[in-house]
Structure formats: structure tokens, C-alpha cells
Amino acid sequence: MKQVWIVGGILALIAVVGAGLLAGTKQVTEPTIKANLRADRLAQLHELIPHGRYDNDLLQDTIKVRDQAHLGATAPITVYRARKDGEPSAVAFRTIAPDGYNGRIELLVAIWADGSLAGVRAISHAETPGLGDRIETAKSDWIRQFSGHSLGTPPAGEWKVEKDNGAFDQMTGATITSRAVVEAVRKALEFYSLRGREVLFAESGSKTAAKD
């Protein structure tokens with residue numbers, strides 16, 4: 001019986017020490033993890049909205065929006081708002097293309113205040129390596145083709161891939177992925193047009209504007 005108590009005590013001591021080490025490690029590493037996450041998100045945004053085009057805190061000046069019809073997501077998505085001298089200069093939607101070949105594709109769609117596209121980037125996806133994964137800028141320039149376009153440029157009927165008689169090139173062997181991204185970008189532009197600067201820049205700080 002004495003041995004049982006000794007073994008139990010040792011195990012309890014190990015558990016307490018282990019928990020303490022985990023708690024200490026979390027406390028030490030958490031600030032670094034948060035700083036790295038912030039740096040990664042800013043780097044993604046700066047690919048589309050250069051630092052000289054805004055002077056506010058992009059990661060703090062956000063709004064949550066929900067509009068499944070236009071943004072394809074049932075959950076609210078984040079919109080980063082860029083301002084220069086207090087005036088709106090751009091927004092960046094962290095939106096999704098729900099119908100990629102292997103599921104949802106998370107995108108960053110940045111739109112200048114005049115409604116033209118600053119650019120599009122793939123944030124995360126599960127598309128097929130060697131085919132659909134060429135939406136990444138590290139693997140091809142395909143996704144860069146959206147920069148400068150807007151609703152009306154091309155006309156609404158041409159917001160499709162070339163295979164569907166549209167204006168946008170599709171990735172060879174990855175038409176479904178290409179279609180999904182083109183559609184998601186068009187919807188983000190439509191959402192911006194419908195809601196516009198008046199709503200997206202109406203509130204200061206992090207707010208939620210929902211529209212089902």
C-alpha cells in the first residue's frame with residue numbers, strides 16, 4: 001500500500017510540474033504568436049494595399065459583414081478598412097469562394113474606394129497540387145489578372161472564365177477552381193457596390209453589419 005501512495009504521489013507531482021511548464025510556455029510564447037499572426041496578416045494586406053495608401057491601423061479598423069447571397073459565407077466575414085487622412089481609400093474582404101474543386105477557398109479581395117480592384121490573393125485552400133493550387137502567387141500569376149477590373153470592366157455578362165465565354169483566363173486543368181474564384185471576386189464587388197462606402201465606412205472601430 002505504501003508503494004501505491006508513493007507512485008501516486010510521484011505521478012501527481014509530474015502532473016503538476018507538467019501543467020506548470022505548459023502554462024509557463026503558453027505565457028511566454030503567446031505574445032510572440034500574436035505578433036507573428038499580426039505580421040502575417042499585415043503582409044497579406046500590404047501585397048494589395050501598400051502602406052503609403054493608408055494611415056490608419058488596418059487590423060483594428062475592421063467591420064464584420066454577413067451576406068450569404070453575395071459573399072457565400074453563412075458566418076460573418078472580416079472587412080479591413082483603409083483610410084488616408086480620414087478618407088476611405090480601400091477595403092479588403094477576407095471572403096470565400098465556397099465552391100472550389102476541393103471545397104472552400106479563402107480569399108483576400110481588396111477594392112479601392114472608386115470600386116476598382118486593388119487585387120486578389122488566395123489565403124487558404126485545399127485545391128489540387130499542380131492544378132488548382134496555381135491560384136497561389138508563388139506558383140503562378142493567374143490571380144493577379146483581376147487587378148484594375150471592376151463591375152462594368154468587363155461588362156457584367158463577361159465576369160466568367162474564357163471557357164464560358166467570359167473575359168478571364170482560366171487555369172489549365174482547373175476550370176472549376178478558376179470559376180469559383182471569378183465568381184467570388186464578382187460577388188465581393190457587387191457587395192461593395194450595394195453596401196458601398198456609406199455603410200462599410202460608417203462606423204469607427206470593429207462593428208458588425210449583418211444582412212441575411
Side-chain angles (χ1 to χ4, degrees), residues 33 36-50 58-59 62 64-80 82 90-112 115-194:
I33 292 171
N36 288 341
L37 180 60
R38 178 182 172 84
D40 287 345
R41 291 192 172 174
L42 273 177
Q44 292 169 350
L45 289 164
H46 285 165
E47 282 196 38
L48 304 176
I49 306 173
L58 281 181
L59 298 184
T62 63
K64 295 281 189 182
V65 298
R66 186 178 66 237
D67 186 336
Q68 186 175 5
H70 288 97
L71 299 175
T74 54
I77 68 164
T78 300
V79 180
Y80 302 94
V91 293
F93 292 82
R94 197 176 182 90
T95 189
I96 64 162
D99 47 1
Y101 187 77
N102 286 323
R104 54 186 282 162
I105 302 168
E106 190 174 1
L107 299 168
L108 193 62
V109 179
I111 304 171
W112 296 122
S116 63
L117 280 165
V120 182
R121 293 291 185 274
I123 302 301
S124 68
H125 66 87
E127 298 303 279
T128 307
L131 296 173
D133 71 343
R134 284 179 286 128
I135 55 175
E136 299 174 24
T137 54
K139 299 183 179 179
S140 87
D141 286 333
W142 180 83
I143 208 165
R144 297 182 191 274
Q145 68 178 312
F146 295 101
S147 300
H149 289 288
S150 62
L151 286 181
T153 309
E158 295 180 19
W159 267 90
K160 306 172 186 174
V161 296
E162 289 180 348
K163 192 171 185 178
D164 299 329
N165 299 315
F168 295 96
D169 183 25
Q170 65 273 333
M171 292 177 284
T172 303
T175 302
I176 292 175
T177 306
S178 306
R179 284 180 181 138
V181 174
V182 171
E183 182 70 0
V185 175
R186 182 185 65 78
K187 286 183 173 181
L189 284 168
E190 284 185 350
F191 182 88
Y192 181 79
S193 177
L194 288 170

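- The two residues Ala97 and Ala180 come nearest to each other via the heavy atoms CB-O, 3.5 Å.
- With sequence neighbours left out, the ring pair (Phe, Tyr, Trp, His ring centres under 6.0 Å) criterion links Phe93 to Phe191.
- The NZ atom of Lys160 sits 9.0 Å away from atom CD of Glu158, with the distance rounded to the nearest 0.5 Å.
- Checking side-chain atoms of Trp159 against main-chain N and O of Pro154 turns up a donor-acceptor pair under 3.5 Å.
- Closest of all the heavy-atom pairs between Leu107 and Ala184 is CD1-CB, 3.8 Å.
- Between Arg186 and Glu183, at least one side-chain nitrogen of the basic residue sits less than 4.0 Å from a carboxylate oxygen of the acidic one, meeting the salt-bridge criterion.
- At least one donor-acceptor pair under 3.5 Å links the side chain of Ser178 to the backbone N or O of Ala174.
- The list of side-chain hydrogen bond (donor to acceptor under 3.5 Å, both in side chains) pairs with a residue in residues 137-147, not counting sequence neighbours, reads Asp133-Lys139, Asp141-Arg144.
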Report task. Show your reasoning for whether side chain to side chain contact (heavy atoms under 4.5 Å, CB included) applies to Val91 and Tyr80. Result -> CA-CA 6 Å; Val91 293; Tyr80 302 94; over 6 Å; no
Report task. Give the intermediate values and the outcome of side chain to side chain contact (heavy atoms under 4.5 Å, CB included) for residues Val109 and Leu48. Result -> CA-CA 8 Å; Val109 179; Leu48 304 176; over 6 Å; no
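- Using a distance-only test at 3.5 Å, with no hydrogens or angles considered, a donor-acceptor pair links the side chain of His149 to the main chain of Thr153.
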Requested in this report: Kindly indicate, with the supporting measurements, whether the criterion side chain to side chain contact (heavy atoms under 4.5 Å, CB included) is fulfilled by Val182 and Phe146.
Outcome: CA-CA 9 Å; Val182 171; Phe146 295 101; 3.8 Å; yes
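- Residues Ile105 and Ile135 have side chains in contact (heavy-atom distance under 4.5 Å, counting atoms from C-beta outward).
- Remark: Ser150 pairs with no residue by the side-chain hydrogen bond (donor to acceptor under 3.5 Å, both in side chains) rule, at least two apart or across chains.
- More than 12 heavy atoms of other shown residues, nucleotides or ligands fall within 6.0 angstrom of atom CZ in Arg94.
- Applying the salt bridge (charged side-chain N to carboxylate O under 4.0 Å, His left out) rule to pairs touching residues 162-181 yields Asp164-Arg179, sequence neighbours excluded.
- Within the 4.5 Å cutoff, side-chain heavy atoms of Ile49 are placed close to those of Trp112.
- Rounding to the nearest 0.5 angstrom, the gap separating the OG1 atom in Thr62 from the CD1 atom in Ile77 is 11.5 Å.
- Shown here for Ala92 and Leu108, the closest heavy-atom pair between the two residues is CB-CD1, 4.2 Å.
- The structure places CG of Leu151 at 4.5 Å from CG of Leu189, a figure rounded to the nearest 0.5 Å.
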Taking distance alone, no hydrogens or angles, what donor-acceptor pairs closer than 3.5 Å link side-chain atoms of residues 120-131 to residues at least two apart or in another chain?
| from | atom 1 | to | atom 2 | distance (Å) |
| --- | --- | --- | --- | --- |
| Arg121 | NE | Glu47 | OE1 | 2.7 |
| Ser124 | OG | Glu106 | OE1 | 3.1 |
| His125 | ND1 | Glu127 | N | 2.9 |
| His125 | NE2 | Glu136 | OE2 | 2.6 |
| Glu127 | OE1 | Tyr101 | N | 2.9 |
| Glu127 | OE1 | Thr177 | OG1 | 2.5 |
| Glu127 | OE2 | Tyr101 | N | 3.4 |
| Glu127 | OE2 | Asn102 | N | 3.0 |
| Thr128 | OG1 | Asn102 | ND2 | 3.4 |

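- Every pair passing salt bridge (charged side-chain N to carboxylate O under 4.0 Å, His left out) that includes a residue from residues 36-46 is listed here, sequence neighbours excluded: Arg38-Asp57.
- For the atom pair CD1 of Ile143 and CZ of Phe168, the computed distance is 11.5 Å after rounding to the nearest 0.5 Å.
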